[in-house]
Undergrad: 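This is the structure I want to talk about, given as structure tokens.
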Amino acid sequence: MEKQMRADRDRRAAVPAAEGQRQADAIGVGFRAIHEGKPDQHLLAYQYLQTLPEIAKGDANKIWIVPSEMGKVLENLGGLFTPPKGQDDR
């Protein structure tokens with residue numbers, strides 16, 4: 001009976017372990033793709049703002065915390081609408 005219980009625990013533990021491994025491989029692929037694409041701060045700020053509403057979705061989200069870096073994100077996003085320094089309007 002003890003062996004059966006141990007086998008059952010091992011079987012139940014294998015599913016979350018496999019899921020965690022699958023997610024780790026996916027995160028690694030995404031991480032490499034981002035760094036190989038060499039994104040600039042404007043793109044990262046834009047993506048950050050797009051992600052915030054996705055975080056807020058869901059029944060378990062009763063409190064929404066805005067990160068302290070939000071000011072920098074908005075500052076970088078504002079730079080998207082101004083021409084780079086040194087370039088004149090033609």
Side-chain angles (χ1 to χ4, degrees):
M1 187 152 160
E2 184 180 327
K3 288 181 182 181
Q4 183 181 5
M5 288 173 43
R6 186 177 308 141
D8 192 40
R9 279 193 303 265
D10 291 345
R11 184 174 39 89
R12 283 183 292 176
V15 173
E19 179 65 20
Q21 183 63 40
R22 185 186 67 79
Q23 288 178 1
D25 291 344
I27 290 170
V29 168
F31 184 80
R32 281 190 302 279
I34 289 169
H35 287 280
E36 288 172 4
K38 295 183 175 66
D40 64 354
Q41 290 298 320
H42 295 118
L43 176 64
L44 295 175
Y46 179 73
Q47 290 294 60
Y48 188 71
L49 286 176
Q50 282 188 319
T51 304
L52 287 176
E54 294 297 320
I55 294 171
K57 286 183 182 177
D59 298 333
N61 295 328
K62 305 283 187 240
I63 298 174
W64 205 53
I65 299 172
V66 177
S68 62
E69 307 92 33
M70 190 60 158
K72 287 184 180 182
V73 169
L74 293 174
E75 184 179 302
N76 286 336
L77 189 62
L80 290 174
F81 303 107
T82 58
K85 293 179 182 176
Q87 288 188 354
D88 58 344
D89 294 332
R90 295 181 188 186

Undergrad: Considering only NZ, NE, NH1 and NH2 on the basic side and carboxylate oxygens on the acidic side, decide whether Arg6 and Asp10 come within less than 4.0 Å.
TA: no

Undergrad: Return yes if a side-chain donor-acceptor contact under 3.5 Å exists between Asp25 and Gln21, otherwise no.
TA: yes

Undergrad: Grab the two heavy atoms, one from Pro53 and one from Leu49, that are nearest each other, plus how far apart they are.
TA: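 Nearest pair, atom of Pro53 first, then Leu49: CD-O, 3.2 Å.
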
Undergrad: Would you please name every residue forming a salt bridge (Lys or Arg N to Asp or Glu O under 4.0 Å) with Arg9, sequence neighbours left out?
TA: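 With neighbours one apart ignored, the set is empty.
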
Undergrad: Assess whether side-chain contact (heavy atoms from CB on, under 4.5 Å) is satisfied between Tyr46 and His42, documenting all intermediate values.
TA: CA-CA 6 Å; Tyr46 179 73; His42 295 118; over 6 Å; no

Undergrad: Which residues pass the side-chain contact (heavy atoms from CB on, under 4.5 Å) test with Arg22, sequence neighbours left out?
TA: Glu19

Undergrad: Test side-chain contact (heavy atoms from CB on, under 4.5 Å) on Gln50 and Gln47 and set out the steps.
TA: CA-CA 5 Å; Gln50 282 188 319; Gln47 290 294 60; 2.4 Å; yes

Undergrad: Going by side-chain hydrogen bond (donor to acceptor under 3.5 Å, both in side chains), name the pairs with one or both residues in residues 32-41, residues two or more places apart or in two chains.
TA: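 Those involving residues 32-41 do not exist here.
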
